[in-house]
Structures are given as structure tokens and as C-alpha cells.
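Report on one structure; see the data block that follows.
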Amino acid sequence: MGVEHILGRRGRGLSRMLLLAVAAAVVWRFTPVDASVSYDRKAVIINGQRRILFSGSIHYPRSTPEMWPDLIQKAKDGGLDVIQTYVFWNGHEPSPGQYYFGGNYDLVRFVKLVKQAGLYVHLRIGPYVCAEWNFGGFPVWLKYVPGISFRTDNGPFKAAMAKFTEKIVSMMKSQGLFESQGGPIILSQIENEYGPLEEYYGGAAAKNYVSWAAQMAVGLKTGVPWVMCKQDDAPDPIINTCNGFYCDYFSPNKPYKPTMWTEAWTGWFTAFGSPVPHRPVEDLAFAVARFIQKGGSFVNYYMYHGGTNFGRTAGGPFISTSYDYDAPVDEYGLLRQPKWGHLRDLHKAIKMCEPALVSADPTVTKLGNYEQAHVFRSKSGSCAAFLSNYNPRSYATVTFDRMKYDIPPWSISILPDCKTTVFNTARVEAPTLQIKMTLLGRFSWKSFSEETNTLDDNSFTKDGLVEQISMTRDKTDYLWYTTSVDIGPNERFLKNGPHPVLTVMSAGHSMHIFINGQQAGTVYGGLDNPKLTYKGKAKLWAGSNRISILSVAVGLPNVGSHFETWNAGVLGPVTLDGLNEGRRDLTSQKWTYQVGLKGESLNLHMLSGVSSVEWGGASSKQPLTWYKAFFNAPSGNEPWALDMSSMGKGQIWINGQSIGRYWPAYKAYGTCASCDYPGTYNEKKCQTNCGESSQKWYHVPRSWLNPTGNLLVVFEEWGGDPSGISLVKRTTL
Ligand code: GAL
């Protein structure tokens, strides 16, 4: 019931006053006097202090709880103040109302570990997160809620989003984890990069949704500010923030909000079939210094530790299992040097400038065509200067305050006392470390062939083709589509050839075609276009023929507008050309479906299920084959990986836990030219692995292994050679 309604006509004036009071209360709540975390135009204010904050993204499900303390410590040693993470809805609510917060989804444990280390947390609840995570973090069941439309002014969606957001906030509150309660969480986030998509959601509906989301979040009274990233119209008191490779162009939408960079991309993600991106640390440090000299006060590295897309959590489609991201701490938890060390040195230098940065605005002076000085001089006498050279080609010698300074191309020198250069973004003093992968051992395999010609009791028949995810509900990557084709004895091709041509059109992401049990072909899409078509001759005989298609999903989309409406699987048409009648369209005839593989339903990847079939010797190079091996853990403390170079495509489990999808046979297509740090960076500028596997090593978390008797199971789709699989250790030197 509205305020007006309660007060009636006489109360209108009163109600206006009440509204003003409420509005004032909102502003007042974010003043330093009353709340432990607030903000003003300069910075986030913690316990009355404006702070320059360095933050780094570490997504808790992308590593194991056993790795968390070390990762957090490395972030702290690298000069970070804050750990930022998304909250992964589909990991926490796998089916409606059934919550999971165990294992690497133990959010409370993660947040408490960050507190123990003496760092803060930025909790990006989303609950849409993008993040190259399966379905952008949405549970797949949400797609099937009647009447739902994601991320817009839609009742069922808003109800579900509010319920999950409240759930997380009340969980954090009950553990006393907000800074207002003495906990580490100083900031939260609602939604994620919605601004650029607003136009696709129809102006008014999008605007209503944004203001609803803002009110819903603020109404949860966390006592700490909320941000919306890439949301130029973020309603007060929410802070709109910038994401990108550079953010020095950015200003918040109100003069009383601080300038914050929630995603400073340290590298970029890898997709199967794409090269591996790298970002030179000189350019990253330059970007950060540019942001700070312009008056920015919060920088979050996305990612600081990228980690691994275990299981089927990779989004995309086609996002690789490694989410290394070329981050300062690598996928395995080792320092990436010199990146980590150079950023640590940058943070130290900027922290030396903190008193001047938080109390003064910069005075900008031109020192040359490409050269500038940004000087922060506070009333209390502190002075910090940033001397920049934007020329990507040459050194500059500038005169500043009667002194001469040499500045390398595309760099900034930091002078915390306005005199002495303590750091230059292009002069890297941190040591360089090389990665080394050392062979530890191979395996002795047994194999089991997945049936390609029989369907199990759960199969069902329908007229026409069905969308894949509506059938699998994404419980598995696999859906069999099977149909029969009668060929009359008078078909001319039986005598004179050529064979008819089978065409199968699929919305994605990959498929294997079998004709009468024989593999006819394999096709797959890619990051830029998940759609695919199979076209090949069909060796049919007179009588009844069976066409079986194994359609394989490779991660659900995590980005785009209305991506919940995107489809996967064989949607047709499916046709046969070259018969007496010309073309026969198989699209609308009867198809029989089976969700998942036989090996999956038997739990062959688990200790409990592995003995349910008769395993044979390792017949290699057969498609759709399960392999198992037992092995003992090697000694040492180094991180482990499986080198899967000899394999095609499939999935790996150790002791029942999924390492993820592997696909070393998908070679990286792109340009891997040599790369210098100067000049504007983009994710295609510095790539490696062109013509090689996008990913050949797959991280094996140490905590997943027992000293002896570990069960390794591999499901291979293409026919790779398991005798080539090896366990390796990763070291740096
Ligand atoms: C951003 C998004 C992140 C992540 C990133 C690319 O736009 O907010 O979640 O997807 O792009 O790695």
C-alpha cells in the first residue's frame, strides 16, 4: 500500500515531507559519519578515510578451498586491498530452492578467509555475471519458468532475481560479513554491464528494470555501497563504474560519486579454437597509472587469478577449461612473473601518493606533444606527480619543476614527492619466470565403448526435431537424435551410385553422425558462430537404415541480449539428396531421443559405477570410448596437470570430480604476430598458440587426489590415443 493511500488527501503534504525524509535518509546513510563504508567524489571511504583501493578478481569456484588461502596471500603480497568475486547462482541453486554452498562453492568460507588475511571483499552478486561462465551464472531451470524473460521488466524474472539476491545478502548478514557489521565486504554489485544492452530490451522496460534492480538492492540495507558496472544511468545512491582495457576516459554519472574501475582486464579468456591472449604488464601498468592520475581511486584486476572452469561450468559456447586469463597469479596458483611483481611495485608507488591523491584534484600541465604532468598538491603540503609519455614510439625527455626526466614510450613515471621517480610503468624490475612442465608419468588404460547403435530404456520418440537444452536441461552435454530411413530396392544409387547426400543443420555446438552404426563424420562450430552443418555422402542400403546424430553442447552462452532464447542442437532441416524422388526431408518425421550417454547413466566416472561394465584392453583411436586408469599420487608439492595433446575432445574425471572438457584437437586459428607493449591494446594484439591446441594442459587440483588408488576416467569423442596422456607438474624458473 502506497504512502499516499494510507495518509489520504489530507496527508499529501505530510507524505511529501516523508518522502523527502526518506530521500535524505538514503544520502545520510552513505555519509562517513554514520556508516563504516561510504563514498564521496574522490573515493570509497572506510571508517572515515578516503582510500585508494587495489582489488583483484578471484572467483572461488574456479579453484579449490585448499588453494584459497595461498591465492589470497599472493594477492595481499601483490599489494591488493580487496578481493572481488562474482556469486555464481547456478552453482548455488542447481534446482529451484535446493541450495548448495559446499566444496568450492563455500562462499562464506571464502569471504572469511579474505577477512582473515586482512583484506576486503567486493561481492558482485549479479546474479547475472557473464564471466565466461555457463549461461552467465543463471540456472538453466530458470529458462523454463513460465512467462520468464531474463534481465528485463518481467515479473517471474524479477521475483527469482530478488529471491536469490536476498538469499545471498541475508546469508552474508547472518555471518556478520558486511563491513557495517565488522566484516570484510565493503562493496556489492547488482546486475552486470546491462547499460550497453538497454536498447535491445526496449527503452522503457529496460529503464524500469534498472531502477527496480537498484531499489531492490538498496532496500536490502547492507550498510555498504552498491555498484552497477557499465550502467551510465545507475540510479543514486548506486555508483556506476567502468570495465575495460583502459578506463581513463570514464567519469561517474554524478559529481559526488567516486571514479571506479571494476574490471581492468589483465589479459583475456581463451576459447577452444582461438589463440591464447596475453597482455604485456607494461601496458596494464600504464593503463592503471592513467586511471589514477585522472582521479580514479578504485582499480580491480579482472582477473587477478583466473583459475579453471571445472566440470561443465565453462560458458561460451566454446570457452576453454582453462580460465588462466594471463592473470598475475596463473591458473595453477603460481606467480606469473614479471606481471605479478611489476604490479606490486606499481601499487607500492601509488600507495606512496595516497595522501595527495585522496585530498587533491590533479592539475594537468602539457609538457610536450605527447607529454603531460598530473600533479596532486594537497593543502596539508603533500605532493605527488605523474609524468606521462603517450608517444608509442619514442622516449621523451621532459622538464618538470626545473628537473629533467626521461620517460620511455607509452609510459608514466610516478613521483610520490613530486621530485623522485620511484616507478615507471615501462621499466620492469621484477624478474621474469619461465613455465616448465615436467613429465611425472603415464597411465595404464582399460577401455569401454559407448554404444552408437542402441538406445536405452529412457529414450523416447517424437515427431520432428527438438531443441537440445529443453531435453537435457543441461544435465549433460549429449543428446542422441536417431531416425530411420527406408530405401526402396529400386533406388538408382544402389546400382549406379553416387550415394545420396545427407545434410544436417544444427544450432550448435558440435555433432557426430553415424549411419547404420558407422561413423560418417564430425563437425563443430566456433566461438564466433556456434551453428554448424554436416554435408556428406550417406552409405545407405536397401531397406531400413538408421541415422544417429550425437549432438554435443560445449557450454551455454554467457553474453548477449535475451540469450535465454538461443538454441542448441539439431533443429534442421535434415535432408537426403540424390534419391529417385530427388530430395527427402527427414526434419518432421519420427525421431527417437536419448538424453546423455550410456556411460554417464552408469556413472562410469565414479568409483561407485566404474565396475558396472566389462572393461577391455585399451583399444585406442576409437571414437566415443571411455578410458579408465588407476594411479598413485606422485610426491612433491607442485601443481599438477594432465597433458592431453594426444587426445581429440571429451571430458576428464578424477575420483568422480570433473576436471572439465578437453579439446586439444581444436587448433587455434588466428594471428600470433610478435607483440610490443606500446600502443593501444586489444585482446587480439598479443596471442600465442596459433596452429596449436588452444589448450593442451588440464589442471588437476592436488586436493582431489589420494595418496594411492586414484581413479582417472576419460571420455573421448573423437578417437584420440590415450597412451599419450601424461601427468605433469608445473614449476617456474
Ligand atoms: C566483461 C564481463 C565479465 C567478463 C569479461 C570478459 O564484459 O563483465 O564478466 O565476461 O567481460 O572476460
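By convention here, the first residue in the shown sequence is residue 1. Counting starts at 1 for both ligands and their atoms, in listed order. If you're wondering where the values come from, they're calculated on a predicted model, not measured in any experiment.
- For ligand 1 and Val129, the ligand atoms under 4.0 Å from any heavy atom of the residue are 9 (O).
- No part of Lys230 comes within 4.0 Å of ligand 1, judged by heavy-atom distances.
- Nearest residue to atom 5 (C) of ligand 1 from Glu263, Gln189, Arg124 is Glu263 (criterion: closest heavy atom).
- Listed by number with element, the atoms of ligand 1 under 4.0 Å from a non-hydrogen atom of Phe269 are 12 (O).
- At a 4.0 Å heavy-atom cut-off, ligand 1 touches Asn192 through the side chain alone.
- In summary, the atoms of ligand 1 found under 4.0 Å from a heavy atom of Cys130, numbered by their order in the structure, are 9 (O), 10 (O).
- With sequence neighbours excluded, the residues satisfying ring pair (Phe, Tyr, Trp, His ring centres under 6.0 Å) with Phe310 are Trp704.
- Residues meeting the side-chain contact (heavy atoms from CB on, under 4.5 Å) test with Pro530, sequence neighbours left out: Pro317, Phe318, His509.
- Ring-plane geometry between Tyr60 and Phe110 is classed as tilted, the angle between the planes lying from 30 to 60 degrees on a 0 to 90 degree scale.
- Counting protein heavy atoms only, atom 10 (O) of ligand 1 is closest to Glu132 OE2, 2.6 Å.
- The side-chain heavy atoms of Arg473 and Trp141, taken from C-beta on, include no pair separated by under 4.5 Å.
- Protein heavy atom at the shortest distance from atom 7 (O) of ligand 1 is Glu193 OE1, 2.3 Å.
- Ligand 1 lies less than 4.0 angstrom from a heavy atom belonging to Tyr323.
- Each of the atoms 6 (C) of ligand 1 lies under 4.0 Å from some heavy atom of Trp268.
- A 4.5 Å side-chain heavy-atom check between Ile238 and Lys257 finds every atom pair outside the cut-off.
- Ranked by closest heavy atom to atom 4 (C) of ligand 1, the top entry among Trp133, Tyr302, Tyr325 is Tyr302.
- Contact check on Asp283 versus Lys685 returns no salt bridge, with no Lys/Arg side-chain nitrogen under 4.0 Å from an Asp/Glu carboxylate oxygen.
- Atom CE in Met161 sits 5.0 Å away from atom CD in Glu191 (nearest 0.5 Å).
- The backbone N or O of Leu334 lies less than 3.5 Å from a partner atom in the side chain of Asp330, making a donor-acceptor pair.
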